[in-house]
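The model shown is predicted, which means the values in this text are computed figures rather than measured ones. When a residue number appears, it is its place in the shown sequence, counting from 1.
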Amino acid sequence: MPSYTAPVNDIQFVLHTLLKASHQDIPGYDELEADFTAAVLEEAGKIASNVIAPLNTVGDTEGCVLENGVVRTPTGFKDAFEQMKVGGWTALDCDPEYGGQGMPVLLGTAVGELFSSANQAFTMYQGLTHGAYSAIHAHGTDAQKAKWLPKMVSCEWTGTMNLTEPHCGTDLGLMRTKAVPREDGSYTVTGQKIFISAGDHDLARNVVHLVLAKIPGGPDGIKGVSLFIVPKYLVDEDGKVGASNGVSVGKLEEKMGIHGNSTCVMNFDEAEGYLLGQEHKGMRAMFTMMNEARLGVAMQGMAQAEAAYQNAVIYAKDRLQGRAVTGTQNPDGPADPLIVHPDIRRNLMDQKSFVEGARAFMLWGAYLLDKSHRGGDAAAEGLISLMTPVLKGFLTDKGFECAINAQQVYGGHGYIEEWGMSQFARDARITQIYEGANGVQALDLVGRKLATDGGKHVLAFFDIVKTFIKENEHDEALKKEFLDPLKRASKDLQAAGMFFMQNGMTNPNAALSGSYDFMHLFGHVCLGLMWSRMAKVAGEALQSGEGDAEFYKTKIATGRYYMVRQLPATSLHLARIQSGGDTVMALDAEAF
């Protein structure tokens with residue numbers, strides 16, 4: 001069975017050496033002292049390793065079962081969920097007014113990584129609830145927040161988001177679910193939704209569904225969509241759970257992975273619902289959930305890569321296979337361990353350099369969210385909006401790739417279920433698809449985000465890169481090994497942006513044919529920036545003589561690897577982008 005150990009030291013490095021969290025002028029960050037965050041992460045790590053991780057294989061093999069209209073979760077899930085609730089882990093970064101602990105998103109994201117690495121399917125139950133909580137918190141009336149949020153914060157009730165229907169996925173304007181107004185101000189909601197994660201289960205007393213639907217007579221397409229709170233069971237004025245609400249599970253989806261999470265077809269048969277936000281403005285409220293969820297999914301992709309990498313390293317050190325080409329390394333054994341071989345090292349370094357760079361990128365994104373929401377910083381809001389499709393698309397694509405590479409280290413054993421490596425790949429695969437498939441993320445990035453506010457936010461990112469390079473050019477070692485590669489990669493990104501500007505309006509296919517490459521090009525530059533920053537602060541820590549010198553040396557060496565072995569991919573992506581769309585669009589549909 002695979003194991004998991006929380007990478008507390010590396011997270012602490014990002015929080016305090018890189019981001020200097022407790023010194024940031026953001027409300028609540030003064031509480032994020034190193035001793036405090038270490039205590040939180042250590043305790044979360046114990047739960048992740050000892051409680052949740054052992055259930056990962058259980059959830060994968062048992063799955064969920066629909067019995068008499070109720071979904072039963074795998075063995076051990078209920079007890080573990082109770083421990084999460086009692087420990088307050090579901091409320092870590094929620095509003096204290098509704099029972100939360102009020103911690104920043106930064107800390108919530110760091111802790112979320114540990115839980116997702118340990119057991120992604122299990123952690124989704126509280127993760128979906130957090131997204132629904134955020135939408136109600138941002139768009140609900142005072143009465144709605146008072147009624148629904150306290151028990152969602154505690155996860156006595158859980159939450160979901162209901163978007164997709166059998167005939168429409170990304171194009172939500174085609175949805176058929178209807179919400180007919182009632183005289184008392186509520187609505188009658190009727191329709192069917194599919195792919196609903198945590199749609200029903202036995203972990204909570206009630207499930208609060210957020211459902212997109214159309215009010216008859218409203219505008220056509222997406223402009224006519226509204227968002228509704230539709231609980232599984234009705235709740236009276238005193239907050240007591242009552243009768244069933246015309247919400248039922250049509251079936252459980254049979255999936256490639258995340259078997260421990262109940263992915264449901266949900267039927268709404270004249271269920272009672274309550275408008276959340278304004279009529280016909282449902283997408284505005286839903287995107288509160290989706291943007292948060294996309295950062296969460298980015299984290300899931302990285303988290304699965306971390307868990308898979310940890311196990312691949314253990315196997316590579318233990319498995320004896322062949323002899324090192326430079327001479328025997330294990331003279332007392334029949335063979336040397338796998339890790340002596342250069343190609344195994346390459347594979348592991350690909351994983352390690354991605355995971356650690358991705359962690360820094362992810363936590364920087366969480367920092368930008370806090371700076372925007374807690375600090376009221378409009379520039380941070382624009383920057384994280386730009387970065388969200390990059391975070392989601394790049395980190396999940398590369399996270400899946402890392403999970404596959406970790407499986408490869410095992411050879412044939414990686415393909416055998418008893419070793420558990422296939423689960424990481426199967427669970428990671430969904431991250432590339434849900435909360436907006438990665439092709440849609442790339443289209444959103446190129447088609448919408450780049451031009452937002454006249455391109456102000458992408459120019460701000462370029463300025464961040466240029467300023468960092470300029471301020472540190474005096475450091476010759478940093479300049480040669482990190483700043484010069486970063487500058488070349490940044491120029492590739494700027495050249496790609498210029499190509500879109502010159503061709504996007506006259507030949508949109510030329511731009512959109514390169515959107516996926518642009519998302520990856522942007523992701524590589526972001527990780528290049530993260531690694532350059534980490535190399536700088538690690539070098540400074542080494543010079544100070546304080547802390548773990550071997551940790552800092554390893555950090556810098558890992559960063560060097562990324563800069564010379566991964567970052568040059570930007571030139572390949574640029575060449576593809578500049579080739580335009582003619583070859584992509586050359587064939588008639590009948591020719592495929």
Side-chain angles (χ1 to χ4, degrees), residues 5-24 29 32-42 45 106-107 110 113 302 305-306 309-310 313 317 339 342 345-346 348-367 464-490 524-568:
T5 302
V8 174
N9 287 344
D10 201 62
I11 295 174
Q12 284 284 91
F13 170 79
V14 175
L15 292 180
H16 301 290
T17 308
L18 179 65
L19 297 177
K20 296 178 171 54
S22 62
H23 300 288
Q24 298 297 330
Y29 270 48
L32 301 182
E33 295 288 349
D35 288 346
F36 172 71
T37 59
V40 172
L41 292 168
E42 290 285 358
L106 179 64
L107 185 59
E113 179 203 326
M302 186 278 291
E306 166 69 36
Y309 164 72
Q310 286 189 18
V313 169
K317 290 180 178 179
I339 201 164
R345 290 293 190 99
R346 171 203 59 78
L348 294 175
M349 286 297 287
D350 280 349
Q351 296 172 57
K352 181 177 175 63
S353 63
F354 165 75
V355 166
E356 293 180 17
R359 176 176 293 118
F361 185 25
M362 173 191 72
L363 292 176
W364 183 52
Y367 156 79
I464 289 171
V465 175
K466 290 176 183 176
T467 300
F468 178 80
I469 292 172
K470 185 174 182 180
E471 289 177 349
N472 294 281
E473 283 183 323
H474 62 279
D475 186 331
E476 287 300 322
L478 190 69
K479 181 178 184 298
K480 180 180 179 181
E481 296 174 338
F482 290 89
L483 303 186
D484 286 349
L486 177 60
K487 183 183 290 187
R488 289 192 292 270
S490 180
H524 277 298
V525 174
C526 288
L527 260 64
L529 175 61
M530 294 300 108
W531 271 117
S532 297
R533 286 175 164 177
M534 288 192 286
K536 171 183 164 61
V537 297
E540 291 171 347
L542 269 177
Q543 291 179 359
S544 74
E546 299 178 1
D548 186 344
E550 286 305 312
F551 175 90
Y552 298 130
K553 290 176 182 177
T554 300
K555 182 65 67 175
I556 293 170
T558 306
R560 287 195 196 105
Y561 180 91
Y562 192 88
M563 302 307 279
V564 300
R565 299 282 301 211
Q566 295 295 319
L567 193 58

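- Atoms OG and CG, on S532 and N472 in that order, are 9.0 Å from each other to the nearest 0.5 Å.
- With respect to the salt-bridge test (charged N to carboxylate O, under 4.0 angstrom), the residues D350 and R565 do not qualify.
- Checked options L18, I11, T17; the residue passing with V14 is L18 (criterion: side-chain contact (heavy atoms from CB on, under 4.5 Å)).
- With rounding to the nearest 0.5 angstrom, the CZ atom of R488 is 12.0 Å from the OG atom of S490.
- In terms of heavy atoms, E546 sits closest to Y552 at O-CE1, 3.5 Å.
- At least one side-chain heavy atom of P7 sits under 4.5 Å from a side-chain heavy atom of Q310.
- Residues D10 and R359 are in side-chain contact: their nearest non-hydrogen atoms beyond the backbone lie under 4.5 Å apart.
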Trace of the side-chain contact (heavy atoms from CB on, under 4.5 Å) decision for L106 with L19:
CA-CA 10 Å; L106 179 64; L19 297 177; 4.1 Å; yes
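- Put simply, CZ on F354 and OH on Y562 are 8.0 Å apart, with the number rounded to the nearest 0.5 Å.
- Between Y561 and L567, every side-chain heavy-atom pair lies at or beyond the 4.5 Å cut-off.
- The shortest heavy-atom contact between G559 and W531 is CA-CE3, 3.3 Å.
- At least one side-chain heavy atom of Q24 sits less than 4.5 Å from a side-chain heavy atom of K20.
- Between H16 and S22, the side chains place no donor N or O within less than 3.5 Å of an acceptor N or O (distance only, hydrogens not considered).
- A donor and an acceptor atom, one from each side chain of T558 and E356, are nowhere located under 3.5 Å apart.
- Atom-to-atom distance recorded for F361:CZ and R533:CZ is 10.5 Å, nearest 0.5 angstrom.
- Here the closest heavy-atom approach between residue V525 and residue L486 is recorded as O-CD1, 3.9 Å.
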Is there a side-chain contact (heavy atoms from CB on, under 4.5 Å) between T554 and K352? Walk through the geometry before answering.
CA-CA 11 Å; T554 300; K352 181 177 175 63; 3.9 Å; yes
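- The closest side-chain donor-acceptor pair between H23 and Y29, if any, does not fall under 3.5 angstrom.
- Rounding to the nearest 0.5 Å gives a distance of 14.0 Å between NZ of K470 and CG of L483.
- E540 and K536 get closest at one heavy-atom pair: OE2-NZ, 2.8 Å.
- Contact of the L32 side chain with the L15 side chain is not registered, since no non-hydrogen atoms from C-beta on lie closer than 4.5 Å.
- Remark: K479 does not engage E473 in a salt bridge, criterion side-chain N to carboxylate O under 4.0 Å.
- Ion pairing of E476 with K480 is absent here, as no side-chain N (NZ or NE/NH1/NH2) approaches a carboxylate O to less than 4.0 Å.
- Between G45 and A6, the shortest heavy-atom distance links the atoms CA-CB, 3.6 Å.
- Comment: K555 does not engage E550 in a salt bridge, judged by the lack of any side-chain N to carboxylate O separation of less than 4.0 angstrom.
- Considering all non-hydrogen atoms of both residues, F482 and I556 come closest at CZ-O, 3.7 Å.
- For the atom pair Q12 CD and T37 OG1, the distance stands at 3.5 Å (nearest 0.5 Å).
- In this structure the side chain of F13 reaches within 4.5 angstrom of the side chain of V537, judged on heavy atoms.
- Contact annotation: the side chain of E113 approaches that of M362 to within less than 4.5 Å [non-hydrogen atoms, C-beta and beyond].
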side-chain contact (heavy atoms from CB on, under 4.5 Å) between N9 and D548: does it pass, once the steps are laid out?
CA-CA 10 Å; N9 287 344; D548 186 344; 5.8 Å; no
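- Enclosure of atom NZ in K317 is not indicated, since only 12 or fewer non-hydrogen atoms of other residues, nucleotides or ligands lie within 6.0 angstrom.
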Stepwise, does the side-chain hydrogen bond (donor to acceptor under 3.5 Å, both in side chains) test hold for S353 with Q566?
CA-CA 9 Å; S353 63; Q566 295 295 319; 5.4 Å; no
